[in-house]
2 protein chains.
Amino acid sequence: MNSPDLSQNGHASVDSAAPATTDKTPRTSRGRKTLRAILDAAVEEFGARGYHEAAISRIAQRAGVAIGSFYTYFDSKEAIFRALVADMSAQVRDTVGPVILAAPDRLSGERAGIAAFIGFVRENKALYRIIDESAFVAEDAYRKHYLDIAQGYAASLTEAHGRGEISDADMEVRAWAIMGMNVFLGLRFGVWDESQTPDAVAAVAADLISDGLRPR
Amino acid sequence: MNSPDLSQNGHASVDSAAPATTDKTPRTSRGRKTLRAILDAAVEEFGARGYHEAAISRIAQRAGVAIGSFYTYFDSKEAIFRALVADMSAQVRDTVGPVILAAPDRLSGERAGIAAFIGFVRENKALYRIIDESAFVAEDAYRKHYLDIAQGYAASLTEAHGRGEISDADMEVRAWAIMGMNVFLGLRFGVWDESQTPDAVAAVAADLISDGLRPR
DNA sequence: CTGAAACATGAACCAGTATTCAACTACGGT
DNA sequence: ACCGTAGTTGAATACTGGTTCATGTTTCAG
């Protein structure tokens, strides 16, 4: 495959002993700048037109470089798309995760997390679309994204249960249920329509997660 | 656009006074048979390869007809895809809706509905994928699909609240949250993995919807 | 300064495939 | 039996856009 190492701040890049024959990671600051430009252009292009309508030539144009330069940094259209998916998958986790953890208890963390997610989506509509489309372009990356999140989510739910904060049940199913909620609310109230505040939506959703529909 | 009328049993086909100049609806039983074959082949092809990888030539081949025959019934690749989306959108509603309504009360209906949905997904994986991909191929159809469902859903939640079966809150947000739950559970436990029974998953989800996470 | 490694360029190549169309065959009513 | 309409056929057309590559230019360590 061979893509430049995009890992910013920390996230170990798991290059399992790559023979480094054709490492596409830039070595000079000029290269890094070009890569950055291509990446940003790609987010715009993929976000605006979707994977298949997006054209490498247009990405290059947006980035202000020649087509050939694109291939200096990425092996293919799919390669850069995958890089973007992985990059933004990490961004979502790094944005929402800490917010949930910072809360005093699980239930209030849930609420803060949803609000943070909707806010993130509003600021990153293109990236949101990219992850969704990866289901059809790079299914394994898509699965990994949600499987990873769900796993972490289920684990923290189990912990919360250990502390007596939430009731008992299959935490994996719950994790997927709550993830689905978040994603759809993000689409509806983050991407499609911003007339409601993230907090208002999060309040309703968190209340549903905490107490359900049943009348008191 | 001009596509053949796929509406089975009832569902009014809203052909707003089409000049009928080029109606593609088959007029003979031979034609109906061919159309059916093309439709079935298209579901297979789109389901297996996704919209962009799918080829009209391959659909024709699967259906056992010539490429030209495809264009006897559909104006374009996108047209048949949209027809499939609309068709299956109706199928989902007609399958799950009645199950929910048949339940004695909203909360138990919720559970039956989720189980029915997961069951439906397992029997119709291809169609499930088609609806999801419509977000990128025919966004308006995708929006309509979920907006319609959410609307009906919110309305019935409001009714249930009127009957005192559920608590008060923004029903549209709730509808979207529950839809998202369903979709993700359908993906995870219907498409990706069938090791759990739909009923088991539905039980956990319905319990979450009814009583939330909070320990009793 | 200097040469090798990095990086940049974009025309040309090429594969895939949606759609058209002109010729042909089957059907159904009279 | 006959004719007009419905349906069938698949080679040819047309176009898009990913990828390659041979030829420059820039960077930077020594």
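All chains are named by letter (A, B, ...) in the order of the sequence lines, taking the proteins before the strands, and each is independently numbered beginning at 1. On a predicted model such as this, the values are computed, not experimentally measured, just so you know.
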B:Y71 side-chain N/O to D:dG10 phosphate OP1/OP2 under 4.0 Å: no

Taking 4.0 Å as the cut-off, does a side-chain nitrogen or oxygen of A:S69 come that near to OP1 or OP2 on C:dT9? yes

Of A:G68 and A:S57, whose nearest nucleotide on DNA chain D comes first from the 5' end? A:S57

Please work out which of the three classes, parallel, tilted or perpendicular, describes the rings of A:Y51 and A:F81, given edges at 30° and 60°. perpendicular

To the nearest angstrom, the OH-P distance between B:Y51 and C:dA18 comes to 8 Å

Shortest side-chain distance from A:P26, nucleotide among C:dA26, C:dC7, D:dT19: C:dC7

Under 4.0 Å: is that the gap between some side-chain N or O of B:R30 and OP1 or OP2 of C:dC27? no

Side-chain contact check for A:I67: nearest option of D:dG18, C:dT19, D:dT20 is D:dT20

Atom OH of B:Y73 to atom P of C:dT19: distance rounded to whole Å? 18 Å

Could you tell me whether B:R36 and B:D40 have a side-chain N and a carboxylate O separated by less than 4.0 Å? yes

Would you classify A:F70 as touching base, sugar-phosphate or nothing, given that sugar-phosphate means primed atoms plus P, OP1 and OP2, and contacts are heavy atoms under 4.0 Å? nothing

Whole angstroms only, please: what is the CD1-P distance between B:I38 and D:dG7? 11 Å

Could you state the NE2-C1' distance from A:H52 to C:dA18, rounded to the nearest angstrom? 15 Å

How many Å lie between CZ on A:R49 and P on D:dT16, as a whole number? 12 Å

Given DNA chain C, 5'-ward residue of the pair B:A54 and B:T28, judged by closest heavy atom: B:A54

Judged by modelled atom types alone, do B:R30 and B:T34 share a side-chain donor-acceptor pair under 3.5 Å? no

Per atom distances to the A:T34 side chain, the nearest of D:dT19, C:dT19, C:dA8 is C:dA8

C:dC27 C1' sits how many Å from B:R27 CZ, rounded? 14 Å

Can you identify which nucleotide, out of C:dG10, C:dC7, D:dG7, has its nearest atom closest to the A:A66 side chain? C:dG10

Whole-Å distance, B:E45 CD to C:dA18 C1', equals 13 Å

Spacing between A:I56 atom CD1 and C:dA12 atom P, to the nearest angstrom: 21 Å

Check the side chains of B:T197 and B:D199 for a donor-acceptor pair under 3.5 angstrom, ignoring hydrogens and angles. no

Need to verify one output field. Residue with the more 5' nearest nucleotide on DNA chain C, B:R58 or A:G31? A:G31

Are A:D140 and A:K144 ion-paired here, with the side-chain N under 4.0 Å from a carboxylate O? no

